[in-house]
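Scope of the values below: all heavy atoms of this structure, side chains included, with no hydrogens, waters or symmetry mates. In the text below, chain A, chain B and the rest are named by the order of the sequence lines, each starting its count at 1.
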Amino acid sequence: MTFLPLVLSLGCATALVTRPPPPEGAMTFTETAVAALAGVRVPIANAAHADYRDVAGTLRTGATIEFMLPDGPLTAGAGTEFTVGGHRFRVHEVRLEQPLARVVVLPAD
Amino acid sequence: MSSQSHLRAGSGAQSTTEAAVRESPARQRRGNQDAQARIRRLTGGTEHVLGETIEVTPDLLALLAGGDAQSVESGVDGTGETDMSTGTAFVHDPGEDKTGVNADDVTQGQLANCYFMAAMKAVARANPQAIHDLISENDDGTYDVTLYVKEHVWSLNASPKVYTVSPTFPTQGGRTLGAEAGDSVGDTREIWPMLLEKAFAIHCGSYKETEYGFGGAAMQLLTGQDTDNVGLLLGLGLRAEATILADLAGALTDKKAVTAATGEFDADTLKAAKAAYPGRLGQKHVYAVKEVDVEGKTISLDNPWGGDTDIDHMPVADFKKFFRQYDIVG
């Protein structure tokens, strides 16, 4: 029991150190910034732990972020796909970091 | 400032540039491109005399040393860079005052530095001349940009510090990494927000280091004046609506710059924000306050995201619900 905090800390540290690098072509954006996706400006905001739909339309719960797309806001999480500027993009990961969350987006064309 | 004084002032940059050039072929290429661009500016566009390829030599480095005296390298944070040497600091558009400075010139880019963008908007709205006075163009095409910096945490006053910046800016995904250009006349783009942001990036150490901060601190950097920070204690409703309206209206009437920051929303607040202000209201985001209607009890907010994202006539009750703090300077 005494060692539990130490074990947990080491586990978390190992997980952070061994996080795999983002895939080729990945773009990382920070919450409250305005991403350029296919040349279109897309504000990114409101990271949370919430419900969202993946590419298959399945309702999932997890880390989410909102893309302010030209045709309206989209709450997205890992696996969500969307089209902007005539190109398809896939959300690879949403990281609920402090002070601001980050989202990794991949081209899905 | 003359080119000669630039060379003296920037002599400290030589070793930094040399080290960067030695580090990698990519950086060397970028150094060469930068050198070519600067030579074009220094020689009035006679690059054909110099040929297509320019080797970066110690003499050349000495010649160029003044360009970004304390600079992060252009492009170091992005995937490419854009040369705005055909731009100009200020473009006077119809409807703007004589300085050409307007809050609408500011549009946030791909960095989470909304607080700095909101501060530029707020100061531009309150005192365009103050923004205009921060920037002067040099003979060699670079700009001297003044920010008011507190040298130490314990410093009582901020003192002016001049950063010399070149009009080249990093890009990512085909757009500028940071702030977008403002107005344009023909091919001439207005770049004062980009110049201020670049000077701030130099001050911070890199563009990425400008992410996350507070509107009050940014307004102090731009004006040298102390900021009144007013906390709203999100959700607890400790500051009366009438007081908020009086504070903000009084500040705008007195030509003071005002920013307002949202807090981190809980699940219910986030749901309410998305429903009431879809695509416009973000948590942990900073806006410039542009108008207050005391009679109608509403506040209008200028969103650094640009486009159609401003929030007009937000009821003060909503302001209390979603916003954590406002900052006043001037």
**Student:** Work out which heavy atom in A:Ala33 is nearest to a heavy atom in B:Ala112; give both atom names and the distance.
**Tutor:** CB-N, 3.8 Å
**Student:** Would you say that A:Val34 contacts B:Glu180 through its side chain, given a criterion of any heavy-atom pair below 4.5 Å between the two side chains?
**Tutor:** no
**Student:** Mind checking the OH-CD spacing from B:Tyr212 to A:Glu31? Nearest 0.5 Å is all I need.
**Tutor:** 10.0 Å
**Student:** So what's closer than 4.5 Å to chain A heavy atoms on B:Leu270: side chain, backbone, both or neither?
**Tutor:** side chain
**Student:** So, B:Gln110 side chain and A:Phe29 main chain: donor-acceptor pair closer than 3.5 Å or not?
**Tutor:** no
**Student:** Give a yes or no on this: more than 12 heavy atoms of other residues, nucleotides or ligands lie within 6.0 Å of atom CG of B:Asp187.
**Tutor:** no
**Student:** At a 4.5 Å cut-off on heavy atoms, which part of A:Glu66 comes close to chain B: side chain, backbone, both, or neither?
**Tutor:** side chain
**Student:** May I ask you to name which of A:Ala47, A:Ala50, A:Ala38, A:Gly72 has the most heavy-atom pairs under 4.5 Å with chain B?
**Tutor:** A:Ala47
**Student:** Any side-chain heavy atom of B:Lys274 sitting closer than 4.5 Å to one from A:Thr75?
**Tutor:** yes
**Student:** Hey, which of A:Ala45, A:Gly39, A:Ala36 has the most heavy atom pairs under 4.5 Å with chain B?
**Tutor:** A:Ala36
**Student:** Check whether any side-chain N or O of B:Gln108 sits under 3.5 Å from a backbone N or O of A:Thr32 as a donor-acceptor pair, and report yes or no.
**Tutor:** yes
**Student:** Pick whichever of B:Lys284, B:His285, B:Arg280 has the most heavy-atom pairs under 4.5 Å with chain A.
**Tutor:** B:Lys284
**Student:** Minimum heavy-atom separation for B:Gly282 to A:Asn46, with atom names?
**Tutor:** CA-OD1, 3.3 Å
**Student:** How many angstroms lie between atom CE of A:Met27 and atom CD of B:Gln172, to the nearest 0.5 angstrom?
**Tutor:** 8.5 Å
**Student:** Minimum heavy-atom separation for B:Gly279 and A:Pro73, please, with both atom names.
**Tutor:** N-CG, 3.5 Å
**Student:** Between B:Trp305 (side chain only) and A:Val42 (backbone N and O only), is there a donor and an acceptor less than 3.5 Å apart?
**Tutor:** no
